[in-house]
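In what follows, a single structure is set out as structure tokens and then discussed.
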Amino acid sequence: MGEGVESVDRSVLWRPLQVGPVELRNRVFVAGHTTNLGERNLATERHVAYHRARARGGVGLIITESLRVHPTSAARDRTLGVFDDACVEPLARIAEAVHAEGAALFGQIMHIGRQANGALARTAAWGASPDPWSVGAPVPREMGPHEIGLVIEAFATGARRVLAAGFDGLEVHLGHGHLLAQFLSPAVNRRSDAYGGTPEGRLRLSREVLERVLSEADGRAVGIRISAEEFLEGGIGPAEAIDIIGRLRADLPLDFVNVSHSAYVGRYSLSTQMADMTFRPGQFRPLAASIKGAFADLPVFAVCRLDTIEGAAEVVASGEADLAGLTRAHIADPDLVAKARGQVSEPVRHCVACNQGCIARIEGDLPMSCVVNPRVGFEAEWEDWASGRSVPTPRRVLVVGGGPAGLQAALSARERGHDVELVERSERLGGQVRDAAALSHRERWQLLVDDLEASGRAAGVRFTLGTEVSASWVLGAGYDAVVLATGSRPEPRHGFVGPHDAIEDPGALGGRIVVLDEDGTWAGAGTALHLAEPGAEVHLVSPVAGLAWNVSLYVRLSLNDLLGRAGVIVRPLRQVRVDEDGAVALEDVLTGSLEPLAGVTGLVHVGPRRARDHLERELLAADVDIVVVGDAYAPRTTLEAVFEGQLAGIVAGGEEPPRLTDLGLPPYIVGGGA
């Protein structure tokens with residue numbers, strides 16, 4: 001499922017690379033990505049631990065998340081700012097930690113521009129032109145000479161602070177539809193003054209910013225990040241990006257260019273920025289290759305949907321780029337490079353490109369997490385906990401259920417030295433994740449199941465499949481601890497089928513299908529898409545005004561595109577009514593009026609799920625101590641299932657897990673008489 005082939009020579013990645021005055025120890029880097037681990041716009045010890053873990057794992061270069069140069073770019077207080085001297089000392093702790101592990105560290109400096117809603121600083125958004133980034137978004141201030149001057153000075157002082165913290169270089173963000181890109185892009189910049197109108201006019205602000213930043217560089221590396229394709233009509237494409245870079249290099253000594261894509265607009269373009277599993281692995285490689293082809297002597301960095309070490313090696317070996325960014329891959333597994341070099345023996349945890357724990361939580365103004373790596377954001381807490389623990393007395397632990405919660409719980413308990421058996425009632429592991437992986441464009445979910453199974457087997461977990469566990473069986477087996485990860489079940493309406501049956505046998509539903517979505521996750525819209533792509537006429541109905549309202553915006557925008565191309569007919573603010581004769585009508589939830597829908601051959605209901613809790617109730621009645629996790633406690637998502645599984649394996653072993661929040665251990669981890 002990853003790009004690349006296993007036979008590619010990885011050694012090409014272990015060669016050093018000179019980037020201006022900085023020598024990188026290898027060709028793998030972590031690109032800038034928001035973490036939301038900040039407080040009052042300052043870096044925290046969680047940043048230090050997070051970046052230390054990736055540097056320790058062997059990466060050559062880390063580029064920080066966007067360091068916002070002016071309060072009008074802050075947007076929220078979890079982001080990082082360099083608009084005050086207070087930022088220097090916290091950033092210096094990050095630099096010290098990264099350098100101690102042998103990696104280089106660049107700071108990405110930027111102004112977000114018109115996307116900043118201004119709520120935190122109570123300021124208006126600033127932009128090249130007075131056009132909002134999306135329908136309903138705030139109208140930005142068209143920047144005048146005063147604001148332009150403030151931004152240029154803010155970039156200079158911000159650069160000075162980052163370098164004072166001991167960073168090795170700076171990346172000036174000219175991409176992703178942020179402020180400097182808003183001036184660069186002909187699709188956005190409608191100015192007629194000296195900062196618009198012509199390619200050179202649109203380039204002027206970026207040029208003036210870079211001149212000031214370079215004047216502060218003091219022998220450190222300075223480069224740019226640019227969108228080589230904005231996926232906007234009339235916007236920047238590879239030819240325009242090459243022209244921009246060429247004009248800048250004619251006058252300014254840039255040390256590198258980090259080639260990205262997309263613009264922050266409320267359309268398809270934004271979905272490419274954090275491209276989820278809808279997109280092909282390595283899909284954006286040609287963009288970096290086009291820049292490298294035009295500037296053979298310039299170090300070029302490639303990013304996005306490079307999911308594996310093999311894919312990164314292909315990019316470098318082919319000459320498409322000099323450095324390959326494995327960013328979400330390092331969120332999922334900070335030891336990726338060390339594992340590839342044989343320095344760490346555990347199996348790799350692959351990024352599944354779901355965006356559920358990373359950018360979706362960022363959208364909700366929550367700290368970043370990761371579906372496949374429950375330790376993200378809590379690296380220091382886990383390290384401190386592990387270093388202060390003695391080896392526990394081994395227990396016999398039973399885990400009931402082989403979905404993500406059960407698989408992670410079994411692995412967690414086994415890693416603490418316990419004797420662990422996992423029993424699954426079906427013949428295959430994976431639970432609902434297996435169903436999700438059967439949907440079109442969701443195949444990478446299977447990686448999570450495969451990785452958890454591989455890690456469990458390597459650690460010594462025993463798996464028993466095709467066995468239904470009863471309370472009497474548990475009571476007679478003599479286990480010291482029981483983890484219930486029995487998942488949840490759908491409860492479709494009478495006359496409807498659930499998503500599992502729709503996925504298993506789509507042909508049985510005929511050629512005109514209604515999918516009623518009362519869930520708002522990918523399950524509803526994804527089932528509609530899965531049924532429509534082979535040719536069925538599918539009506540996707542929801543009683544709310546939105547579409548896939550519980551799906552990250554970055555993912556939803558690509559989903560919208562797929563639904564449109566498949567011909568799915570979206571019917572919001574409607575409810576499905578079926579009379580006693582089986583006739584189907586759509587009810588307007590506002591007016592109550594009915595619209596007959598003739599010829600419907602299949603009805604699918606994707607709604608709230610119910611916990612499979614019969615075994616829990618029976619064991620509670622027998623006064624058995626149990627640990628209940630994932631959907632077995634309350635139906636939620638894979639993110640919570642894996643996170644709780646990690647803690648549950650420790651609790652089942654009789655230990656107190658690390659304290660990850662000020663609220664202590666979530667109460668749902670321990671159920672029963674424990």
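Computed from a predicted structure; not experimentally measured.
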Classify the ring geometry between [X] and [Y] as parallel (under 30°), tilted (30 to 60°) or perpendicular (over 60°).
X	Y	result
F256	F106	parallel
H51	H33	perpendicular
F279	Y268	tilted

Could you check whether any side-chain N or O of [X] sits under 3.5 Å from a backbone N or O of [Y], counting only pairs where one atom can act as donor and the other as acceptor?
X	Y	answer
S269	L232	no
S73	V69	no
R225	G175	no
H47	A43	no
S66	R68	no
K292	L298	yes
R93	V48	no
E640	T637	yes
R191	M143	yes
E314	G311	no

Which atom of [X] lies closest to which atom of [Y], heavy atoms considered:
X	Y	result
L179	G127	CD1-CA, 4.1 Å
Q115	H176	NE2-O, 4.5 Å
N560	L547	OD1-CD2, 3.1 Å
I309	L13	O-CD1, 3.6 Å
A525	A548	CB-CB, 4.4 Å
P140	S129	CG-O, 3.5 Å

Any [X] side-chain heavy atom under 4.5 Å of [Y] side chain:
X	Y	result
Y554	T272	no
I291	V257	yes
V303	V259	no
L559	L563	yes
P21	D255	yes
L323	P299	no
P572	V570	yes
R141	P130	no

I would like to know whether F284 and E229 meet side-chain contact (heavy atoms from CB on, under 4.5 Å); could you show each step before the answer?
CA-CA 9 Å; F284 305 99; E229 175 59 80; over 6 Å; no
Pairwise distance [atom1]([X]) to [atom2]([Y]) - rounded to 0.5 angstrom:
X	Y	atom1	atom2	result
S227	I244	OG	CD1	9.5 Å
L639	C354	CG	SG	8.0 Å
D85	T157	CG	OG1	9.0 Å
D131	R190	CG	CZ	4.0 Å
Y50	H330	OH	NE2	9.5 Å
F155	L180	CZ	CG	4.5 Å

Find out whether the Lys NZ or Arg CZ of R114 is both under 6.0 angstrom from the six-membered ring centre of W126 and within 45° of the ring's axis.
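Negative - R114 is either too far from the ring of W126 or too far off its axis.
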Are R204 and Y195 in a cation-pi contact, defined as NZ or CZ under 6.0 Å from the six-membered ring centre and within 45° of the axis?
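Checked: cation-pi criterion met.
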Distance only, no hydrogens: is a donor on one side chain within 3.5 Å (strictly under) of an acceptor on the other, for [X] and [Y]?
X	Y	result
T44	E39	no
E200	T198	no
Q182	N189	no
E65	T35	yes
N41	R76	no

Test side chain to side chain donor-acceptor pair (under 3.5 Å) on T278 and D276 and set out the steps.
CA-CA 5 Å; T278 300; D276 80 325; 3.0 Å; yes
For side-chain contact (heavy atoms from CB on, under 4.5 Å), just list the numbers for I152 and L205, CA-CA rounded to whole Å, side-chain angles, deciding distance to a tenth of an Å, and then say yes or no.
CA-CA 8 Å; I152 294 170; L205 179 57; 3.7 Å; yes
May I have the step-by-step check of side-chain contact (heavy atoms from CB on, under 4.5 Å) for V172 and V209, ending in yes or no?
CA-CA 9 Å; V172 181; V209 164; 4.1 Å; yes
Before you tell me yes or no, could you show the steps for T72 and H111 under side chain to side chain donor-acceptor pair (under 3.5 Å), namely the whole-Å CA-CA distance, both residues' side-chain angles and the distance that decides it to 0.1 Å?
CA-CA 8 Å; T72 52; H111 192 296; 2.8 Å; yes
NZ/NE/NH1/NH2 to OD/OE distance under 4.0 Å, [X] and [Y]:
X	Y	answer
R212	E153	yes
E216	R160	yes
D168	R220	no
R54	E101	no

Please list, chain by chain and in numerical order, all residues satisfying side chain to side chain contact (heavy atoms under 4.5 Å, CB included) with S185, sequence neighbours excluded.
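Only A187, V188, E230, I236 meet the side chain to side chain contact (heavy atoms under 4.5 Å, CB included) criterion with S185.
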Using a cut-off of 6.0 Å, state whether more than 12 heavy atoms not belonging to Q18 lie near its atom CD.
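Enclosed.
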R267, CZ atom: more than 12 neighbouring heavy atoms under 6.0 Å:
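No, not enclosed.
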Which is it for R249 and D297 under the salt bridge (charged side-chain N to carboxylate O under 4.0 Å, His left out) test, yes or no, and what are the steps along the way?
CA-CA 11 Å; R249 288 196 80 206; D297 62 326; 3.1 Å; yes
Check the pair R56 / D335 against salt bridge (charged side-chain N to carboxylate O under 4.0 Å, His left out), numbers first and verdict last.
CA-CA 7 Å; R56 182 181 298 155; D335 293 323; over 6 Å; no
Stepwise side-chain contact (heavy atoms from CB on, under 4.5 Å) test for L37 and R78
CA-CA 6 Å; L37 299 176; R78 293 184 187 272; over 6 Å; no
From V30, D333, N355, L306, residue fulfilling side chain to side chain contact (heavy atoms under 4.5 Å, CB included) relative to R328:
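Among V30, D333, N355, L306, the one that satisfies the side chain to side chain contact (heavy atoms under 4.5 Å, CB included) with R328 is N355.
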